Amino acid sequence: MTRVILLTLLAMFTLTSVGCGQQNSAPGQTYSTAKDGVKFRVETVASGLEVPWGFAWLPNGDMLFTERPGRVRVIEKGKLRADPVFTVPMSIQAAKPV
């Protein structure tokens, strides 16, 4: 369970750092945690994104995620689909919670 959480956080960090243009890792480079030596590898799964955040894996293995401007994107079979699958309308984005 700990490794799944760690890998999930790493995936979020990787997507976020790619979106911000802060690519600090070399492809295939292996890292390990200081405390217990858990090894992991950072892998860029998409580039040119605008502040990606929430994501989920679909049953077929594709990854669904959102970008700050309201785009819902998908990585299908390892490749970023060019067009968003959905864009949240600005009126909904600007709505204040009740």
Side-chain angles (χ1 to χ4, degrees):
M1 180 67 168
T2 302
R3 288 186 181 183
V4 171
I5 292 170
L6 178 60
L7 292 174
T8 301
L9 292 173
L10 282 170
M12 288 186 72
F13 170 76
T14 301
L15 283 171
T16 303
S17 65
V18 169
C20 297
Q22 300 171 354
Q23 297 175 336
N24 297 326
S25 63
Q29 184 174 354
T30 301
Y31 300 88
S32 61
T33 60
K35 184 176 179 183
D36 54 11
V38 173
K39 294 185 186 228
F40 60 92
R41 183 172 48 93
V42 175
E43 182 179 334
T44 301
V45 296
S47 61
L49 305 176
E50 190 173 343
V51 192
W53 46 38
F55 68 97
W57 276 271
L58 301 174
N60 67 355
D62 293 345
M63 183 179 10
L64 190 67
F65 65 96
T66 58
E67 292 180 280
R68 182 176 285 165
R71 292 184 293 268
V72 178
R73 309 283 303 268
V74 66
I75 296 176
E76 297 174 305
K77 298 179 181 134
K79 296 193 180 216
L80 178 65
R81 184 190 284 186
D83 296 322
V85 294
F86 181 75
T87 301
V88 178
M90 290 303 290
S91 59
I92 293 173
Q93 292 182 40
K96 294 181 181 177
V98 177

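Remember, it's a predicted structure, so these values are computed and weren't measured experimentally.
- Across every non-hydrogen atom of F65 and V74, the tightest pair is CE2-N, 4.4 Å.
- Counting only distance, with no hydrogens or angles, the side chain of R81 and the backbone of R73 share no donor-acceptor pair below 3.5 Å.
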T66 vs V88, test: side-chain contact (heavy atoms from CB on, under 4.5 Å). Steps then yes/no. CA-CA 10 Å; T66 58; V88 178; over 6 Å; no
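- Between the side chain of E67 and the main chain of E50, a donor-acceptor pair closer than 3.5 Å is present.
- Shown here for L80 and S47, the closest heavy-atom pair between the two residues is CD2-O, 4.4 Å.
- Partners of N60 by side-chain hydrogen bond (donor to acceptor under 3.5 Å, both in side chains), not counting sequence neighbours, listed by chain and number: D62.
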